Undergrad: 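The structure's right below; bear with me while I get my questions together.
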Amino acid sequence: MPRPTAAQLVYGSATVVCTTLALLLISGTESGIGVAIAATTGLALGLLVAVRLPQPAPQPRPAAHHPRTASAGAARTHHLPHAFGAQERVPAARQDEHSLRR
C-alpha cells in the first residue's frame, strides 16, 4: 500500500475536524453517545475524503541509452508502457523531448 501524500493527510484531517465540529454544533448534543457518534462520523468522512483524493502519477524511469549499441542508420524505437498493457512505439529522436502532460 502506498504512503499517503501530504495533501491526503491535510484534507482528511481538516474534514474530520470540520465535520465533527459542524455535527456537534448542529445537533447540540451534550451526551457522551452523541459526541461519540459525531466523532465517528467525522472520522469516517475524513477517511473517505483522504482515500478518494487522486494519487500523483508515478514518475517513469528513464530507459538506458547506449548510443554505441545502435547502428548509425537504424531507427530505434522504445516501448512505453500504458494503461491496460498497451504499448506505443516512440522514435528514439523524440524520446528526450519534454512533455507538458505529466
Side-chain angles (χ1 to χ4, degrees):
M1 182 173 180
R3 292 184 179 179
T5 63
Q8 286 175 314
L9 292 174
V10 169
Y11 284 126
S13 299
T15 302
V16 169
V17 171
C18 292
T19 302
T20 304
L21 286 175
L23 287 173
L24 289 174
L25 291 174
I26 290 172
S27 68
T29 186
E30 294 178 6
S31 69
I33 301 268
V35 172
I37 290 173
T40 304
T41 304
L43 186 61
L45 189 60
L47 182 62
L48 181 69
V49 166
V51 169
R52 296 294 298 166
L53 196 67
Q55 292 277 341
Q59 297 294 327
R61 294 183 180 178
H65 186 267
H66 301 285
R68 287 182 271 152
T69 59
S71 62
R76 295 179 300 142
T77 58
H78 298 279
H79 295 283
L80 299 176
H82 290 285
F84 307 111
Q87 292 186 345
E88 177 183 341
R89 292 184 169 259
V90 178
R94 297 197 61 190
Q95 177 188 9
D96 296 329
E97 291 181 7
H98 293 285
S99 173
L100 295 177
R101 277 184 19 204
R102 291 195 187 243

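Reckoned from all heavy atoms, side chains included, excluding hydrogens, waters and symmetry mates. These numbers were taken from a predicted model, which means no experiment stands behind them.
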Undergrad: Determine the minimum heavy-atom distance between Val51 and Gln8, stating which atoms define it.
TA: O-NE2, 4.5 Å
Undergrad: Leu45 and Leu43: same hydrophobic cluster, using ILVMFWY side-chain contacts below 4.5 Å?
TA: no
Undergrad: Quick one: which of Leu21, Thr19, Leu25 gives a side-chain contact (heavy atoms from CB on, under 4.5 Å) with Leu23?
TA: Thr19
Undergrad: Going from CG on Leu24 to CD on Glu30, what distance comes out if it is rounded to the nearest 0.5 angstrom?
TA: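 One finds 11.0 Å between CG of Leu24 and CD of Glu30.
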Undergrad: List the atom of Gly12, the atom of Ala50, and the distance in Å for their closest heavy-atom pair.
TA: CA-CB, 4.1 Å
Undergrad: Drop me the distance from Ile37's CD1 to Ser31's OG, to the nearest 0.5 angstrom.
TA: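 Result: 7.5 Å between the selected atoms.
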